[in-house]
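The structure appears below as structure tokens.
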Amino acid sequence: MNEPDLAALFGSAGVTGWLHAADLRSGRETGLGSDEPLPIASIFKVPLMVEFCRQADAGLVDPASRVTVGAADRVAGPTGLSAMLDDVTISLRDLAYLMIALSDNTAADALLGRVGRDAVNTMLAGFGLPGTRVRQSCRETTESMAEDSGHGWPYLDPADITRLRVLDPARTNSSTPREMAALFGMIWRDEAASAESCAWMRGVLNLQVWPHRLASGFPYDDVEVGGKTGTLPTLRNEAGVVEYPDGGQYAVAVFTRSVSTALNQPRADAVIGTAARMAVDHLRR
């Protein structure tokens, strides 16, 4: 059975792409550059959520305990607590919801401060995912881009892009398409944490509000897509699981890097869904 020509598909959208897809029932896999180390941007919030749930399972944190997020805690971002003006008192569990469903940077950093990045990385190593590392908070990511370019958002000059440490997988939050798909597979198979916590994580991932990438390739009422996007200058990523009404479940991780530095690139967004659909169709044949 011929593999789909993913490289040509990505090229037609003006991006370089990497992908890994796995059938969670049969174990069959397909991919392009599956083991390439890549920046994951906000997808780092998924392993953070997993470690939060594991600590809750172990009784190390109370998911219902409340924290107050004030002006000094705010991190730049267009959604959730990052966009609010007043102090907010909220549970740790709802911080996790906001950082996944809305990709709220302030919520992510507040939760990371409680969970600890060392704990996240220890968990990832224990899962056999050595290529997945959390090195930066959202605040550190934002600050490093400003330091490297000499100015704040947006970053449109190609010369600025070449200087950004957040685009170097050795210096930023990183993974590979295969490892990210594997982590999602663990969540869907109740292997990442307790069965109750994994069910909660699946529910939150299914509530992600962004339909323009992975989900765009599966526009059917009876197909469910749960995932998490990641975005940085020239980077558009998403990883998740596609579930069919016949019980088929497919973990897919798609990473792209565009030639253009434009902020709005609908073809680059859409090709993530198209490539995922091609890969899943291949696995379903």
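- The pair Asp281-Arg277 meets the salt-bridge criterion, since a charged nitrogen lies less than 4.0 angstrom from a carboxylate oxygen.
- Taking the side-chain contact (heavy atoms from CB on, under 4.5 Å) definition, one finds that Ala7 meets it with Asp5, Leu32, sequence neighbours left out.
- The salt bridge (Lys or Arg N to Asp or Glu O under 4.0 Å) contacts involving residues 154-165 comprise Glu147-Arg165, Asp148-Arg165, Asp160-Arg163, where partners must be two or more places apart or lie in separate chains.
- Here salt bridge (Lys or Arg N to Asp or Glu O under 4.0 Å) pairs that include residues 71-100, with residues two or more places apart or in two chains, number zero.
- Among residues two or more places apart in sequence or in another chain, the side-chain contact (heavy atoms from CB on, under 4.5 Å) test is passed with Thr132 by Leu124, Leu129, Ser175, Glu179, Met180.
- Heavy atoms from other residues, nucleotides or ligands lying under 6.0 Å from CG of Asp222 number more than 12.
- Judged purely by distance below 3.5 Å, without hydrogens or angles, the side chains of Ser65 and Asp62 never pair a donor atom with an acceptor atom.
- Placement of Met123 and Val46 within a single hydrophobic cluster is found when ILVMFWY residues are connected by side-chain heavy-atom separations under 4.5 Å, directly or transitively.
- In this structure, CZ in Phe255 is found 6.0 Å from CG in Leu38, a value given to the nearest 0.5 Å.
- A continuous path of hydrophobic side-chain contacts links Leu207 to Phe52 [ILVMFWY only; heavy atoms under 4.5 Å].
- Side-chain N/O atoms of Trp210 and Glu238 include no donor and acceptor closer than 3.5 Å.
- Counted by atom type alone, Asn173 and Lys45 present zero donor-acceptor pairs between their side chains at under 3.5 Å.
- Applying the ring pair (Phe, Tyr, Trp, His ring centres under 6.0 Å) rule to pairs touching residues 146-168 yields His151-Tyr155, Trp153-Tyr155, sequence neighbours excluded.
- Partners of Pro211 under the side-chain contact (heavy atoms from CB on, under 4.5 Å) rule, at least two apart in sequence or in another chain, do not exist in this structure.
- Side chain of Thr142 to backbone of Cys138: a donor-acceptor contact under 3.5 angstrom is found.
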Please tabulate, one pair per line, all N/O donor-acceptor pairs under 3.5 Å involving side-chain atoms of residues 11-22, not counting sequence neighbours.
unit_1: Ser12; atom_1: OG; unit_2: Leu9; atom_2: O; d: 2.6
unit_1: His20; atom_1: ND1; unit_2: Ser34; atom_2: OG; d: 2.7
unit_1: His20; atom_1: NE2; unit_2: Glu29; atom_2: OE2; d: 3.2

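- Counted by atom type alone, Thr234 and Ser258 present zero donor-acceptor pairs between their side chains at under 3.5 Å.
- Asp221 pairs by the side-chain contact (heavy atoms from CB on, under 4.5 Å) definition with nothing, not counting sequence neighbours.
- Screening residues 252-269 for salt bridge (Lys or Arg N to Asp or Glu O under 4.0 Å), with sequence neighbours left out, gives Arg213-Asp269, Arg236-Asp269.
- Here Tyr250 pairs with Tyr244 under the ring pair (Phe, Tyr, Trp, His ring centres under 6.0 Å) rule; sequence neighbours left out.
- At most 12 non-hydrogen atoms from other residues, nucleotides or ligands lie less than 6.0 angstrom from CD of Glu196.
- Residue pairs meeting the salt bridge (Lys or Arg N to Asp or Glu O under 4.0 Å) criterion with at least one member in residues 102-127, sequence neighbours excluded: Arg117-Glu140.
- By the salt bridge (charged side-chain N to carboxylate O under 4.0 Å, His left out) test, Arg25 is found to be paired with no residue, residues two or more places apart in sequence or in another chain being considered.
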